[in-house]
Amino acid sequence: MSDNSDDQSNSSEMSADDRQRWERARGRLRAELGEAVYNSWFARLELESVKDGAALLTVPTKFLKSWIQSHYADRIRTRLCAEFSSLEHIVIDVRSPTRRSRPRDAESATAAAEKAQPTAPAVDRIETQLVKAPLRAPARADGESFGGSPLDRRLSFSTFLVGPSNQLAYAAACRVADARPGEHPLFNPLYTHAAVGLGKTHLLQAVARSANDNKRRVLYLTAEKFMSGFVSALSQHSSIAFKERLRNIDVLIIDDVQFLQGKSIQQEFCHTLNSLIDAGKQVVVAADRPPSDLETLDERVLSRFKGGLCVDIGPLDEELRVKILEARIAAAHEAQPSFHVPPAVVSYIAKTIVTNGRDLEGAVNRLLAHSTLNGAPLCVETAETAIRDLVRSAEPKRVKIDDIQKLVASHYNISRADILSSRRTANVVRPRQIAMYLSKVLTLRSLPEIGRRFGGRDHTTVLHAVRKVEELASKDKSLSEVIELLKRMLAE
């Protein structure tokens, strides 16, 4: 009875419109943070009610409450304020036992850890109560038993297709992978960055496989795996063993480092990085942006990244796109011998899909489905229908806050220093608000991050600026046209 009455109470406080707004806010959080981070920390976050200017959110465990409050409260508040105009603050609480769904294994382990460790240190209570499987010990010669995150058998140097956009990254990765045990690293750390689907994970896993074949101790981890391993080690009071395991390897490979969160976790990562590099061990890192754009990472970590070799994997040129398509088609032909794609269709897809390798692979899968299910020969018209959902405009230019500030300052005939200053004159305040607004709509930066980039201002100042510009632009056609002009100029 308690479960039902509690659910009814919850639903009475949340209207259908409020639930839709919450789902939109969740969608924005998922898009900003990515699937891995969202699923780790937000999948069980629920909005219970919004009233009297406050939003009540709940989670099933104390750990999740502490972690979200420490790391994501401002971001959640920003997303909710965008949907609920009267919202002033948020409250995060632990759901009562009657409101929890059946405990998952991780939650059961968390409860057991909390009960068994009532006097754990503060860092354990805040950041270490989510128990996950510990990292496996690094493997040496067994090509299929790497420690850490699993590897895809298909991702090796022999299957990596090289073109002008990735040639430097490929050469650097081969050089790192071919080094012998005890050989001092030439590029350390090797930092590779690229947009989604351009092959950075392929290169990292190829390095892991090749280095392992050379009898070097290799550990390949995603940022999420590193975080969960660290949390697990602290929860089980095995942090010393965790540190020793990381430092007793020859090659450490970290993928998607942009997702590394938490002060204590970043400190441990920094200590590991320093220890390995100082000991002449190889470190390889990949992210979706250059080190200078990783504003949430510790400055000491970024300094180490910048001190190594930083290589970019650029967009795929047409010749490389053709190579990728031909390789995918050949693999599909082995599984389905009747599958044939005319050169004209290959050329059409290579010219039409210019985004990344995953979209090209998706195009081949769609052609295979049309060919095998319809039984008709493929032609350009068929291909056009098959890949329609994959065709999109070119990837938008990644706009930087510095560029926005410079362009707005130039347009209004003031200096960038004026925008960052504390001056409150009308000729400075309005351009500053417009620059803040453009930073919010054209970048993925959070309100607190934007505020820091505008002279250390509070996130509420940025939110006020965004709302003010939106209000003025809706009434002033000339201002709206200026904003659209600035957007076009920044996108070019």
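Sequential numbering from 1 along the given sequence is applied to the chain's residues.
- A donor and an acceptor atom, one from each side chain of Ser15 and Asp17, are nowhere located under 3.5 Å apart.
- Under a 4.0 Å N-O distance rule, the pair Glu470/Arg467 does not qualify as a salt bridge.
- With contacts defined as side-chain heavy-atom distances shorter than 4.5 Å, the pair Val399/Ile404 qualifies.
- Counted within 6.0 Å of CZ on Arg26, heavy atoms from surrounding residues, nucleotides or ligands total more than 12; the atom is thus considered enclosed.
- Surrounding CG of Asn413 are at most 12 heavy atoms belonging to other residues, nucleotides or ligands under 6.0 Å away.
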### Trace of the side chain to side chain donor-acceptor pair (under 3.5 Å) decision for Asp418 with Ser415
CA-CA 5 Å; Asp418 289 331; Ser415 68; 3.1 Å; yes
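- At distances below 3.5 Å, not a single donor-acceptor pair connects side-chain atoms of Ser232 with backbone N or O atoms of Ser228.
- Between the CZ atom of Phe226 and the CZ atom of Phe242 there is a distance of 4.5 Å, given to the nearest 0.5 Å.
- More than 12 heavy-atom neighbours from other residues, nucleotides or ligands sit within 6.0 angstrom of CZ on Arg247.
- Without hydrogens or angle criteria, Arg19 side chain to Leu47 main chain gives no donor-acceptor distance under 3.5 Å.
- Judged by distance alone, with hydrogens and angles left aside, the side-chain atoms of Ser410 form no donor-acceptor pair with the main-chain N or O of Leu407 at under 3.5 Å.
- What you find for Ile414 and Pro431 is that their closest heavy atoms are CD1-CB, 3.8 Å.
- The structure places CD1 of Ile265 at 13.0 Å from CG of Asp298, a figure rounded to the nearest 0.5 Å.
- Between Glu484 and Arg488, no side-chain nitrogen of the basic residue sits less than 4.0 Å from a carboxylate oxygen of the acidic one, so the salt-bridge criterion is not met.
- Using a 4.0 Å cut-off between charged nitrogen and carboxylate oxygen, Asp359 and Arg366 do not count as a salt-bridge pair.
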### Derivation of the side-chain contact (heavy atoms from CB on, under 4.5 Å) call for Leu472 and Arg430
CA-CA 11 Å; Leu472 293 174; Arg430 186 54 44 78; 3.4 Å; yes
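- With hydrogens and angles ignored, the 3.5 Å screen pairs no side-chain donor or acceptor of Asp52 with any backbone N or O of Ala54.
- Checked by atom type and distance alone, the side chain of Asp317 pairs as donor or acceptor with a backbone atom of Leu320 at under 3.5 Å.
- Residues Lys281 and Leu252 have side chains not in contact (no heavy-atom distance under 4.5 Å, counting atoms from C-beta outward).
- A heavy-atom distance below 4.5 Å is found between the side chains of Gln433 and His464.
- For Thr192 (side chain) and Ala286 (main-chain N/O), no donor-acceptor pair under 3.5 Å exists by modelled atom type.
- In the displayed structure, Gln267 atom CD is contacted under 6.0 Å by more than 12 heavy atoms of other residues, nucleotides or ligands.
- Smallest separation of non-hydrogen atoms from Ala473 and Leu479: N-CD2, 3.9 Å.
- With rounding to the nearest 0.5 angstrom, the CG atom of Asp288 is 6.0 Å from the NZ atom of Lys200.
- Summarising the geometry, atom CZ belonging to Phe230 is positioned 10.5 Å from atom CG belonging to Leu246; distances are rounded to the nearest 0.5 Å.
- At a threshold of 4.5 Å between non-hydrogen side-chain atoms, the residues Ile419 and Tyr412 do not count as touching.
- The main-chain N or O of Cys270 is never found under 3.5 Å from a side-chain atom of Arg304 such that the two would form a donor-acceptor pair.
- Using cut-offs of 30° and 60° for the angle between ring planes, the His193 and Tyr191 rings count as tilted.
- In this structure, Lys406 does not pair ionically with Asp402, as no charged nitrogen and carboxylate oxygen lie closer than 4.0 Å.
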### Task
Begin with the C-alpha distance, continue with both residues' side-chain angles, and end with the deciding distance and a verdict on side-chain contact (heavy atoms from CB on, under 4.5 Å) for Asn188 and Val283.
CA-CA 6 Å; Asn188 205 20; Val283 177; 3.8 Å; yes
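- Between Tyr72 and Leu29 the shortest side-chain heavy-atom distance does not fall below 4.5 Å.
- With rounding to the nearest 0.5 Å, the separation of CG in Leu447 from CE in Met436 is 10.0 Å.
- Across all their heavy atoms, Arg358 and Asn356 have their closest contact at N-OD1, 3.0 Å.
- For the atom pair Arg28 CZ and Leu444 CG, the distance stands at 8.5 Å (nearest 0.5 Å).
- Checking Tyr220 against Asp255 by side-chain atom types alone, a donor-acceptor pair falls below 3.5 Å.
- Ile277 approaches Pro189 most closely through the heavy-atom pair CD1-CD, 3.7 Å.
- The environment of Lys468 atom NZ is sparse: at most 12 non-hydrogen atoms of other residues, nucleotides or ligands sit within 6.0 angstrom.
- When side chains are defined from C-beta on, Thr78 counts as touching Lys440, because their heavy atoms get closer than 4.5 Å.
- Judged by distance alone, with hydrogens and angles left aside, the side-chain atoms of Glu224 form no donor-acceptor pair with the main-chain N or O of Phe259 at under 3.5 Å.
- Not one N or O on the side chain of Ser480 forms a donor-acceptor pair closer than 3.5 Å with the backbone of Asp476.
- The minimum heavy-atom distance between Val94 and Pro60, with the atom names listed, is CG1-O, 3.7 Å.
- No side-chain heavy atom of His411 sits less than 4.5 Å from a side-chain heavy atom of Ile434.
- Here the shortest heavy-atom pairing between Arg445 and Glu449 reads CA-OE1, 3.4 Å.
- Counting heavy atoms from C-beta outward, Lys400 and Thr443 have side chains that stay 4.5 Å or more apart.
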### Query
Step by step, would you call Val50 with Arg21 a side-chain contact (heavy atoms from CB on, under 4.5 Å)?
CA-CA 11 Å; Val50 179; Arg21 293 178 181 180; over 6 Å; no
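- Under the 3.5 Å distance criterion, the side-chain polar atoms of Arg321 are matched with a main-chain donor or acceptor of Leu316.
- For Lys351 and Glu384, the salt-bridge test fails: no basic side-chain N is under 4.0 Å from an acidic carboxylate O.
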### Task
Just do the side-chain contact (heavy atoms from CB on, under 4.5 Å) check on Phe454 and Val462 with the steps written out, would you?
CA-CA 9 Å; Phe454 278 81; Val462 181; 5.9 Å; no
